[in-house]
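Order of appearance sets the numbers: ligands from 1, and atoms from 1 within every ligand.
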Amino acid sequence: MHLERLRLVNYRNYSDVEISFNQNINIIVGKNGQGKTNILESIYFLAVGKSFRTSRDKEVVKFGCKNAYISSFFVKNGHRNTLEFLIGSNSKAVKKNGLSLLRMSELLGNFNVVVFSPEDIRILKDSPSERRRFIDREISQISPRYYANLSDYNKILTQRNNYLKNDRLDMSLIEIFDRQLCSCAGKIYTSRRDFISKLSEYALEFHSRIVGRQEEFDIRYLNQLNLSDDDTSHSAESALFELLSKKREEDMRKRSTGYGPHRDDIQVIVDSLDVKIYGSQGQQRTASIAIKLSELELIRSETGEYPVLLLDDVFSELDEKRQKLLIESISGIQTFVTTAENAHIDIFEGKEYAVFNIDGGQVL
Ligand SMILES: Nc1ncnc2c1ncn2[C@@H]1O[C@H](COP(=O)(O)OP(=O)(O)O)[C@@H](O)[C@H]1O
Ligand SMILES: [Mg+2]
């Protein structure tokens, strides 16, 4: 899959630009604050219908303008498609091949991306919510149904939490919330378990390639049910229901829901140790690269094609050995790289690439 052309109108600091991309590597160079990441952000928007930097759509609309507009041509399975977005402060409209999509979940799975930024390098250090966001983002791209189900879960969870703030509570109403919540949660648990288990298999391979030897590398799914491989979504659903019933008093006292997939986390184990706690910075970087490369493979195995890869300012965070390995591993994948250093272009010597110089919202 690759992106052929992108047009941005009143998007961040771009008034109106149109860019044709190389099928292989696209290097976006410019001083800081010129609009490099804005381009990657808009490409990500095509895939997911939102930014990877903000949850407030209106931030991407150029200051002083009413709407931002993104249009694109991309090729998937040999067919050319168009995707267009009109983003206002309170509205968002998407068209695929000229036809309006009614829900964001219809967008997912059309155009796939994997983004790798300095925040992803730090993902193992961050809070569990960042890691859950990462998992949800990736599964949603492969499975729009997961996304729809997760949105339902979050809505019901908010309702339950709001209800728990009341002074007088009706047990039968809480039980209704719990049934609905668990019905969504069961599928979230098994999808996350399956995704993490596949990711872990790929990551083991990449990790040993990066470190140059066989070493234990395991991504573990931490959840309050201690889900096993053969639990079905129904058994997860009943297990959570039982847990919620048992913890109802505690939830009522705390006035919020303490159990469920919104409390999940992942743990990365290298050589029997938790990388988050015991890993060096180098080990954490290696782990994050292994995870990213695995995402590319996983999306290919699920969809039949590699997604496009967005590398936002990661080269300045990696040493030469890791830079080289990353580049060797992405051949055949359309990649968009941003960097403030011209010297980073040299890393791509011998590869097919195009360079775009960015200055103050202009492509020179
Ligand atoms: N909504 C917006 N309207 C106009 N300019 C914006 C908007 N949001 C961000 N910018 C500008 O975009 C620039 C930052 O772009 P960015 O792509 O993050 O830079 P970099 O090249 O460092 O990656 C800043 O100059 C900022 O003022
Ligand atoms: Mg940037």
Identified side chain to side chain contact (heavy atoms under 4.5 Å, CB included) counterpart of Phe336 within the set Asp312, Leu40, Leu309:
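Output: one option passes, namely Leu40.
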If I only include protein atoms of type N, O or S, how many are less than 2.8 Å from the Mg ion (ligand 2)?
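If we list every protein N, O or S atom nearer than 2.8 Å to the Mg ion (ligand 2), we get 1.
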Sub-4.5 Å side-chain heavy-atom contact between [X] and [Y]:
| X | Y | result |
| --- | --- | --- |
| Thr257 | Leu244 | yes |
| Arg248 | Ile174 | yes |
| Gln334 | Asn22 | no |

Heavy atoms under 4.0 Å from ligand 1: which residues qualify?
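Contacting ligand 1 under 4.0 Å are Arg12, Asn13, Lys31, Asn32, Gly33, Gln34, Gly35, Lys36, Thr37, Asn38, Arg53, Glu59, Val61, Lys62, Phe63.
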Could you check whether [Y] and [X] have their ring centres less than 6.0 Å apart?
| X | Y | answer |
| --- | --- | --- |
| Phe217 | Phe206 | no |
| Tyr69 | Tyr11 | no |
| Phe195 | Tyr221 | no |

Pair Ile269-Gln267, side-chain contact (heavy atoms from CB on, under 4.5 Å): steps then yes or no:
CA-CA 6 Å; Ile269 304 286; Gln267 186 184 38; 3.8 Å; yes
Is it the case that Asn223 and Asp264 place a side-chain donor and acceptor less than 3.5 Å from each other?
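No.
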